[in-house]
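Working notes, beginning with the structure itself.
Atoms within a ligand are numbered from 1 in the order they appear, just like the ligands themselves.
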Amino acid sequence: MTKLKVTSEKGFTLIEIAIVMVIIGLLAGGGVSLMGMLSERKIRNENADYLNEAKFALISYAKIHGKLPWADNTNGDGWENNLLATGELPYLTLGMKPRDANSRVIGYALNSNLGTSRSNSCSALRAGLAGSPLVVDSDGSTTAFSVAAVLVSAGPKDADNDGNVFDDVTAGTHRGDNRDGAPNFIRRPPDNTFDDLVVYISGYPLYGEICGNPVLSVNNGSAANIFVYNITQSSDIGLVAPGSAVSFRIISGEQFSIRSAASGGGAIVASNPNTPITIAGEGTLISVP
Ligand SMILES: [Ca+2]
Ligand SMILES: [Ca+2]
Ligand SMILES: [Ca+2]
């Protein structure tokens with residue numbers, strides 16, 4: 001008869017248990033930091049989406065009103081404050097949700113020539129934007145350039161530790177300050193001392209969205225030739241004979257007058273509406289009685 005042989009299983013030694021505990025600890029720690037990174041990435045993506053949403057709301061607002069809204073001041077009521085060019089996004093004026101994924105209202109600045117009317121906006125855009133807001137984009141040169149509007153999400157923290165959630169860059173080739181855009185705003189990838197997100201609206205695309213190529217029609221009910229003079233380009237766009245009507249396709253944002261002689265000569269002829277006039281966006285009829 002065969003006897004069953006009983007063997008005793010050896011347990012884990014203390015050292016083995018300690019090693020396993022250390023490995024579990026390392027894995028858990030890594031998991032926590034991985035979770036942290038994923039959640040930071042998620043918040044950053046949400047902020048980028050929110051900025052783009054605000055950008056397109058601004059463009060649509062400008063299409064309808066021919067102007068960008070003014071900024072909201074730090075009273076945070078969400079409504080634009082007349083003539084305020086740098087402040088916070090007027091989220092109620094735009095009908096948007098108020099805050100980014102870090103629960104902050106985003107910074108907003110516009111070129112002040114774009115805050116009043118379609119003809120002023122198109123005139124400024126036609127001429128080429130100048131002045132603030134200026135942006136230095138680290139994807140390009142160190143030269144600051146003028147934009148129609150800029151939007152800044154301060155990101156999760158005051159990364160440069162200067163007491164303001166918006167960050168500035170005072171060293172290196174690409175510098176700027178997102179607190180107030182003075183001397184310029186700065187767009188660049190995040191690092192240990194900078195975590196703001198910046199998007200901007202350039203002038204020429206906005207011109208394409210809100211200005212178009214309107215038609216200027218001129219009716220001449222008088223007994224003399226009249227001359228349609230383009231003041232912006234210092235040249236006649238045409239002559240309208242007595243009793244006739246002529247339509248011209250023009251460049252939005254340019255200024256015109258009706259003259260009694262060629263090349264801006266003679267006198268301004270009385271008309272309805274009177275000239276000089278800046279024409280933008282929509283077709284316009286000028287009648288000379
Ligand atoms: Ca306000
Ligand atoms: Ca920041
Ligand atoms: Ca800061």
Side-chain angles (χ1 to χ4, degrees), residues 36-55 57-58 60-62 64-65 67-112 114-117 132-139 144 147-200:
M37 273 171 58
L38 289 176
S39 128
E40 265 177 35
R41 173 70 61 86
K42 180 170 174 284
I43 286 175
R44 194 165 176 84
N45 287 343
E46 284 175 11
N47 283 340
D49 288 347
Y50 181 59
L51 286 174
N52 281 325
E53 197 186 316
K55 177 175 168 175
L58 287 169
S60 294
Y61 180 96
I64 295 167
H65 300 281
K67 66 180 256 352
L68 289 168
W70 294 104
D72 184 16
N73 61 10
T74 46
N75 67 15
D77 69 356
W79 296 104
E80 66 175 329
N81 285 71
N82 197 29
L83 301 179
L84 184 68
T86 302
E88 294 181 340
L89 184 74
Y91 57 85
L92 281 179
T93 305
L94 294 167
M96 286 191 56
K97 76 171 182 160
R99 288 165 193 276
D100 67 12
N102 295 112
S103 297
R104 295 198 185 95
V105 178
I106 58 179
Y108 165 63
L110 73 149
N111 185 298
S112 56
L114 307 179
T116 52
S117 68
S132 63
L134 294 155
V135 171
V136 162
D137 192 324
S138 75
D139 286 341
V147 299
V150 61
L151 294 160
V152 187
S153 166
K157 55 185 181 237
D158 171 18
D160 63 341
N161 202 26
D162 69 347
N164 188 291
V165 285
F166 294 103
D167 297 323
D168 56 8
V169 179
T170 54
T173 51
H174 295 84
R175 302 181 186 195
D177 190 345
N178 286 334
R179 181 183 189 167
D180 54 8
N184 55 266
F185 291 94
I186 176 92
R187 195 200 78 82
R188 55 172 247 175
D191 60 22
N192 286 339
T193 59
F194 182 91
D195 66 1
D196 298 354
L197 267 170
V198 173
V199 302
Y200 50 86

> Is it the case that more than 12 heavy atoms not belonging to Asp191 sit under 6.0 Å from its CG atom?
Replying inline: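 Atom CG in Asp191 is crowded, with more than 12 foreign heavy atoms closer than 6.0 Å.
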>> Report the atom name of the nearest N/O/S atom of Asp196 relative to the Ca ion (ligand 2).
In response: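 The Ca ion (ligand 2) is closest to the Asp196 atom OD1, counting only N, O or S.
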>> To make sure I understand the geometry: which N, O or S atom in Asp72 is closest to the Ca ion (ligand 1)?
In response: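 Result: OD1.
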Can any side-chain N or O of [X] pair as donor or acceptor with the backbone N or O of [Y] at less than 3.5 Å?
{"X": "Asp196", "Y": "Phe166", "value": "no"}
{"X": "Asn184", "Y": "Leu134", "value": "no"}
{"X": "Asp160", "Y": "Asp167", "value": "no"}

> Is it true that some N/O/S atom of Asn73, main chain or side chain, lies under 3.0 Å from the Ca ion (ligand 1)?
Replying inline: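 Checking the Ca ion (ligand 1) against Asn73, no N, O or S atom falls under 3.0 Å.
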> With the Ca ion (ligand 3) as the point of reference, which N/O/S atom of Asp160 is the closest?
Replying inline: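 Looking only at N, O and S atoms of Asp160, the one nearest the Ca ion (ligand 3) is named OD1.
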>> Within rounding of 10°, what is the angle whose vertex is the Ca ion (ligand 3) and whose arms end at OD1 of Asp158 and OD1 of Asp162?
In response: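 Vertex at the Ca ion (ligand 3): approximately 80°.
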>> Only to 10 degrees, please: what angle do the OD1 atom of Asp195 and the OD2 atom of Asp167 make about the Ca ion (ligand 2)?
In response: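 My answer is 80°, to the nearest 10°.
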> Once rounded to 10°, what is the value of the angle centred on the Ca ion (ligand 2) between Val165 O and Lys157 O?
Replying inline: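 Val165 O and Lys157 O form an angle of 90° at the Ca ion (ligand 2).
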Taking the side chain as every heavy atom from C-beta outward, state whether [X] and [Y] have any pair of such atoms under 4.5 Å apart.
{"X": "Ile186", "Y": "Phe194", "value": "yes"}
{"X": "Asn45", "Y": "Lys42", "value": "no"}
{"X": "Arg188", "Y": "His174", "value": "no"}

> Is the distance between the Ca ion (ligand 3) and the nearest N/O/S atom of Phe166 smaller than 3.0 Å?
Replying inline: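 So Phe166 counts as coordinating the Ca ion (ligand 3), yes.
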> Can you tell me if an N/O/S atom from Asn178 lies under 3.0 Å from the Ca ion (ligand 3)?
Replying inline: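 Within the cut-off used here (under 3.0 Å), Asn178 places no N, O or S atom near the Ca ion (ligand 3).
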>> Would Arg187 and Tyr200 count as a cation-pi pair here, with the cationic atom under 6.0 angstrom from the ring centre and within 45° of the axis?
In response: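 No, Arg187 does not lie over the aromatic ring of Tyr200.
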> Does any N, O or S atom of Ala154, backbone or side chain, fall under 3.0 Å from the Ca ion (ligand 2)?
Replying inline: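 Given the 3.0 Å cut-off, Ala154 counts as a ligand of the Ca ion (ligand 2).
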>> How large, to 10°, is the angle at the Ca ion (ligand 1) when you draw lines to O on Trp79 and to OD1 on Asp77?
In response: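 My answer is 90°, to the nearest 10°.
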